[in-house]
Amino acid sequence: MAGVTLRQVRKSFGSTEVVHGVDVAIADGEFCVLVGPSGCGKSTLLRMIAGLENISAGEIRIGDRIVNQVHPKERDIAMVFQNYALYPHMTVAANMGFSLALRGETKALIAARVRTAAEILGLAPYLERYPRQLSGGQRQRVAMGRAIVRNPQVFLFDEPLSNLDAKLRVAMRTEIKELHQRLKTTTVYVTHDQIEAMTMADKIVVMHDGLVEQIGAPLELYDRPANRFVAGFIGSPAMNFLPARVNGGCISLSSGVDISLPIKAKLEANREVILGIRPEHLEIAADGFAAEVVVIEPTGSETQLFARVGGQEIVAVFRERHEFAPGQHVRLRPRADCAHFFDPSSGQRI
Amino acid sequence: MTGEHGRWRRLRTNRDWLGFWFMLPAAAFLLLFLVYPLGLGIWLSFTDARIGSPGNWIGLENYEWIIGDAKFQTAVFFTLLYTLVASAFKFAIGLYLALLLNQAMPFKAIIRAVVLIPFIVPTVLSAIAFWWIFDPQFSVISWSLKKLGWIQGNINFLGDAWNARWSVIFANVWRGVPFIAISLLAGLQTLPPSLYEAATLDGATRWQMFRYVTYPLLTPIIAVVMTFSVLFTFTDFQLIKVLTNGGPAGSTELMATMSYNTAILGSRIGEGSAVSTAMVPFLLAAIMFSWFGLQRRKWQHGESND
C-alpha cells in the first residue's frame, strides 16, 4: 500500500485551466474524499491520479514514485466509475477477473481471487450472471469487486453512489466504509454530496473552481470552516450568513437587530463582518433576537424553521418540538461558542 | 334490410375489424408488389412460357434442364464466390475504416462524408467509371503500372475469365464498403467510453481492447449489417450488367443476370424464372444462418431473475 501526494498539480484543456495548483497529501491507508460542486475539478483530479488525463503541470506521487509519465496500468490503482463501466458481455466472474486474465494469471488463481472478493461483497451467488441481470446496487458491488480482486495500492472512486436511489446510497455508504476499514487500502473518493464526504472520510478536501478551499478531518471542517465557501458547503441545512458590524459588546446586523455575543479579541470595534450561524446552533431563548416565523417544516426527528430577521431569511433546526405558527414572533439566540465570523470582502475566517 | 345495415355498421366500428381496415392498404401493397411477382415467378418457372406465349405447365422440366446446364453451374459457382469473397473483404475493410473513423482526428466530418461517396453515386455511374478503369487500352491502372515499369503490356482486365472475376469483385467491394463502415461506425459510437477507460486501468493493450471489448460488443450490429450485405451482394445485378454483361463467355454471370438474360433477352421466360427461383433457397439459408447463428446474445437479455 502507499500514500498519494499531489504537488502543485494543474490541468488545462486548451487555454482553459480547470485545476489551478492543487497540493494534497494522502497518507497510506487513509480514506480521502474530494468534494465540491460540479465543475470544481474534483473528477479531473481523480482522473489525473488514475492516469486517464495527463498532468499539465505539477507532480503526482503514488508511494515514492512520481507517476506523471507512468501508464495507468503500471500505476497499481483500481477505479470504480460512476456508471460502473462493467463489460456487458462478460459474466460477473469474468468482469472481476478480467485484469488478472490480461496479466496472464492462471485460471485457478483468478477463480480463487474472484471468489474471495465475491464473498467479501456478498456476490457469490451471482458470479455467472451478466451485468444486465443485476440490480443497481449489485452492479456497484461488482465494480468494487473488480477493484478489490487486483489488490491495488490505491482505490479511486468517481461518484460511485450517484446512480443509486437514496436508500441504497446510504446502505452502500456504510458498506464502502466497512470495506475500507477491513482492507485498509488508501482510497480517494470523489463526490458532490457533502453528507457522503462527512460520513465516510478520514480527510476531506473541499474544492471550488479548481482550487482547494480547505483540507481537514470532517469535524474540523464543520467546527472551523476556513472560509465562507466551506462554511456554506459543509452542513445541511446550510449555514446562515448575516452581514453585521461589531458594535461594542454585541454584534449589530445590517438590518438593525442587535445580537449579544462574546466578542473575540480579533474583532476590533466597528469592523464589518459576516456572521455565520449554523441552523442547529440557534435556540429559542427569551433574551434572543426577534424573528418572524415564515414556514415550518417538521421532519419528525427535527423541525426546520424558516424565519425573517429584519428583512433577511434565516433557517433554524430544533431537535425538540415547538409549536409555531406562520407570522408568529419568536426569539432566537445563537449558541455563544458556535458563531463564525468571516471577512466580508475576502470571505476568510476571522 | 335493417339487419344488413346493422352488420355493416358493426364492420365499420368493431375494434378488430377496424384494425383490419387499417392494415388493408399495407397488405394490398405487399400482395401486389411482393407476393404477386414472387408467386408469378415461381409459377412461370414450372411452365414453358416464352415472350408472346403464356406457356403450359411442364412441372420440373426447367429445373432439370438448368441443373444439367454448365452455364447455370458456372453462374451458381461465381455467385457464391462473388458473395463470399466480396463480403469478406467488405467486412474487413469496412470494420477497419469504422475503427479509423471513430478515432479523434482532424477533418473528421469531411473524411466521413468522403467515405460515403461510393455509396451515393448511382451504381450504373460507378460501373461505367470502372469500365474505363478496366478498359483494355485506356486503363489507368495499366498505364500507371507501365510508367512504374512493373509490367510491359496492358492488363486484359475484363477479357480474361479470372481477371474479369477479380475485377468485378473489386468494384463490388469498393461500392459496398461505405455501407458497412458507416453502419459499424454508428455501432462503435454507442459503446460507452468509460468501458475503454476501465479496460485501460485493467491493463488491456489496444489489441486486447478490440478483441475483448469492442468486437464482442459490436457482434449484434455486425450480424445485422453482414446479413444485409450478403443479401445485397448475392442479388447484385447492375454492376455486372454494365461492366461485363456476364462475359467473357459467361464467366462473370451471376444468377440474377443470367435470369434476366435468359428470360428477357433470350425470351425463355420459364427457364429464366427457374434460375431466379433457384436463388431463393440460398437467400433463405443466409437469413436462417443469421437468424439462428447470430441472434441476440445471452448478455443482451436483461432483467430476468434466474
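Lettering of chains follows the sequences in order, A, B, ..., and the numbering in each one begins at 1.
- Heavy atoms from other residues, nucleotides or ligands lying under 6.0 Å from OH of B:Tyr96 number 12 at most.
- Ranked by non-hydrogen atom pairs under 4.5 Å with chain B, the options A:Asn83, A:Leu102, A:Leu100 are led by A:Leu102.
- Of the two parts of A:Arg146, only the side chain, counted from C-beta on, holds a non-hydrogen atom closer than 4.5 Å to a non-hydrogen atom of chain B.
- Heavy atoms of other residues, nucleotides or ligands lying less than 6.0 angstrom from CZ of B:Phe170 number 12 at most.
- Interface residue B:Tyr212: backbone and side-chain heavy atoms are both found under 4.5 Å from chain A.
- Between the NE2 atom in A:His89 and the OG1 atom in B:Thr219 there is a gap of 8.5 Å [rounded to 0.5 Å].
- Atom CZ of B:Phe179 sits in a crowded spot, with more than 12 heavy atoms from other residues, nucleotides or ligands closer than 6.0 Å.
- Around the CG atom of A:Asp64, the shell of radius 6.0 Å holds no more than 12 heavy atoms that belong to other residues, nucleotides or ligands.
- Going from atom CG of B:Asp202 over to atom CG of A:Asn95 covers 8.5 Å, rounded to the nearest 0.5 Å.
- The closest side-chain heavy-atom distance from A:Lys73 to B:Thr205 is below 4.5 Å.
- Without hydrogens or angle criteria, A:His71 side chain to B:Gly203 main chain gives no donor-acceptor distance under 3.5 Å.
- More than 12 non-hydrogen atoms from other residues, nucleotides or ligands lie less than 6.0 angstrom from CZ of A:Phe13.
- Residue B:Leu195 holds its CG atom at 9.0 Å from CZ of A:Phe81, rounded to the nearest 0.5 Å.
- Within a 6.0 Å sphere centred on CZ of B:Phe89, heavy atoms belonging to other residues, nucleotides or ligands number 12 at most.
- Using a 4.5 Å cut-off on side-chain heavy atoms (C-beta onward), A:Arg47 and B:Glu197 make contact.
- Atom CZ of B:Arg206 has 12 or fewer heavy atoms from other residues, nucleotides or ligands within 6.0 Å.
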